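What you see is a predicted model, and the numbers here were worked out from it, not measured in a lab. We count ligands from 1, going down the list as the structure has it; atoms in each ligand are counted the same way.
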Amino acid sequence: SKAKLYDENSQVKVSFKDVAGLEGAKEEVEEIVQFLKSPEKYTRLGGKIPKGALLIGPPGTGKTLLAKAVAGEAQVPFFSLSGSDFVEMFVGVGASRVRDLFKNAKEKSPSIIFIDEIDAIGRARGKNNMTGGNDERENTLNQLLTEMDGFDTDTNVIVMAATNRADILDSALMRAGRFDRRIYVDLPEIHERKEIFKVHTKNLKIKETLDLEFLARQTPGFSGADIANICNEAALIAARKGKDAIDRQDFLDAVDRIIGGLEKKGKLIK
Ligand code: ATP
């Protein structure tokens with residue numbers, strides 16, 4: 001059987017409830033949900049529905065989660081691909097993968113295409129000559145631009161892409177009619193961290209007296225992904241100790257462990 005060149009998930013279960021905080025970003029993508037659900041409502045005065053939206057923000061802040069939630073809320077299929085998959089690709093494969101992806105998304109429209117780490121293919125052209133250039137990456141980028149220009153707005157496929165390096169993207173990607181919406185997804189503030197802790201402890205046995213606000217205060221600079229990690233670690237630590245419920249100390253131990261991991265990876269700047 002022919003291996004799929006991209007991920008397709010027709011039954012996305014993620015909804016906006018799963019995305020904690022990010023109120024501004026959620027409001028902006030809510031509009032995309034409406035475009036997918038009832039495009040006629042928006043185009044009746046001659047306006048065109050945007051083709052693409054770029055989610056910009058640091059790693060682990062919920063960009064992929066948010067894109068999935070859009071598909072889940074609109075109940076449309078979710079096609080995804082990561083830019084980093086293209087880094088070491090044989091000639092011609094990148095462009096054909098992109099072609100294949102758009103063909104399938106169009107067949108199943110309305111649908112969402114999600115391209116994670118778009119900077120890996122969408123870096124400004126001609127800026128990598130120092131490293132000997134990369135024609136295949138350029139072919140892939142050109143194919144992506146061609147596909148986005150090729151579908152007219154009544155195709156009802158919306159392309160969402162994520163990056164933490166919007167500054168290095170090729171300006172062609174940002175041109176009108178391509179990724180003309182930009183949505184910022186930042187590291188969570190204290191009240192958002194509390195919400196993220198709430199989402200990720202929902203299915204855990206935590207002690208009733210556990211103060212999520214306290215945990216939010218202990219975790220400045222942590223991303224949603226880090227917090228999800230802490231919650232899981234805390235559950236494992238408490239279980240190992242034979243406890244019936246996870247308490248404050250387990251969470252603090254988990255925070256220490258995650259900080260240790262981040263320091264090793266050189267991710268922590270504090
Ligand atoms: P990357 O840039 O590294 O791909 P990302 O911004 O796409 O990261 P996600 O993959 O969406 O981040 O987040 C990873 C996981 O972290 C999510 O699956 C979720 O469990 C958790 N998470 C991140 N942000 C949030 C949030 N705002 N609310 C709830 N969970 C979150």
Side-chain angles (χ1 to χ4, degrees), residues 6-7 9 11-30 32 52-73 78-87 112-123 159-169 179 181-204 206 212-213 215-216 219-236 251 254-255 257-259 261-262 265-269:
Y6 52 82
D7 278 338
N9 186 345
Q11 262 113 56
V12 182
K13 296 269 160 57
V14 181
S15 73
F16 285 151
K17 273 202 317 299
D18 301 303
V19 186
L22 303 180
E23 291 310 325
K26 272 198 270 188
E27 226 166 81
E28 293 193 55
V29 297
E30 169 60 32
I32 299 176
L54 188 63
L55 300 170
I56 304 167
T61 45
K63 298 183 291 298
T64 306
L65 192 66
L66 196 59
K68 276 194 183 148
V70 169
E73 293 281 342
F78 182 80
F79 294 85
S80 74
L81 211 155
S82 176
S84 59
D85 297 343
F86 291 97
V87 171
I112 289 271
I113 289 178
F114 177 65
I115 304 172
D116 201 3
E117 298 179 60
I118 193 168
D119 40 285
I121 34 177
R123 233 178 314 126
V159 186
M160 297 182 78
T163 183
N164 41 45
R165 293 299 313 273
D167 55 312
I168 60 167
L169 289 182
F179 293 101
R181 300 251 158 154
R182 253 145 276 174
I183 299 168
Y184 292 88
V185 176
D186 241 321
L187 285 171
E189 304 277 344
I190 183 162
H191 72 279
E192 296 179 298
R193 294 197 297 276
K194 184 179 171 189
E195 292 305 310
I196 298 172
F197 270 111
K198 203 187 271 173
V199 166
H200 288 280
T201 52
K202 205 177 58 200
N203 297 320
L204 300 178
I206 56 169
L212 299 183
E213 176 112 26
L215 295 178
T219 47
F222 283 59
S223 69
D226 297 331
I227 292 173
N229 229 334
I230 288 170
C231 293
N232 195 61
E233 270 306 321
L236 297 179
F251 277 94
V255 169
R257 179 169 294 183
I258 304 294
I259 289 177
L262 293 176
K265 279 193 277 175
K267 260 181 70 181
L268 212 69
I269 346 153

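Looking at residues two or more places apart in sequence or on another chain, you find a salt bridge (charged side-chain N to carboxylate O under 4.0 Å, His left out) between E23 and K26. Taking F114 as the reference, F78 meet the ring-ring contact (aromatic ring centres under 6.0 Å, His included) condition, with sequence neighbours excluded.
To the nearest 0.5 angstrom, N232 atom CG is 12.0 Å from T201 atom OG1. With rounding to the nearest 0.5 angstrom, the CG atom of L22 is 10.0 Å from the NZ atom of K63.
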Under 3.5 Å, which donor-acceptor pairs link side chains of residues 181-189 to any protein atom two or more places apart or in another chain?
unit_1, atom_1, unit_2, atom_2, d
R181, NH1, E31, OE1, 2.5

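When heavy-atom distances to ligand 1 are checked against 4.0 Å, the residues falling inside are D18, V19, A20, L22, P59, G60, T61, G62, K63, T64, L65, D116, I196, H200, G224, A225, A228, ordered by chain and number.
Between A216 and K194, the closest heavy-atom pair is CB-N, 3.7 Å.
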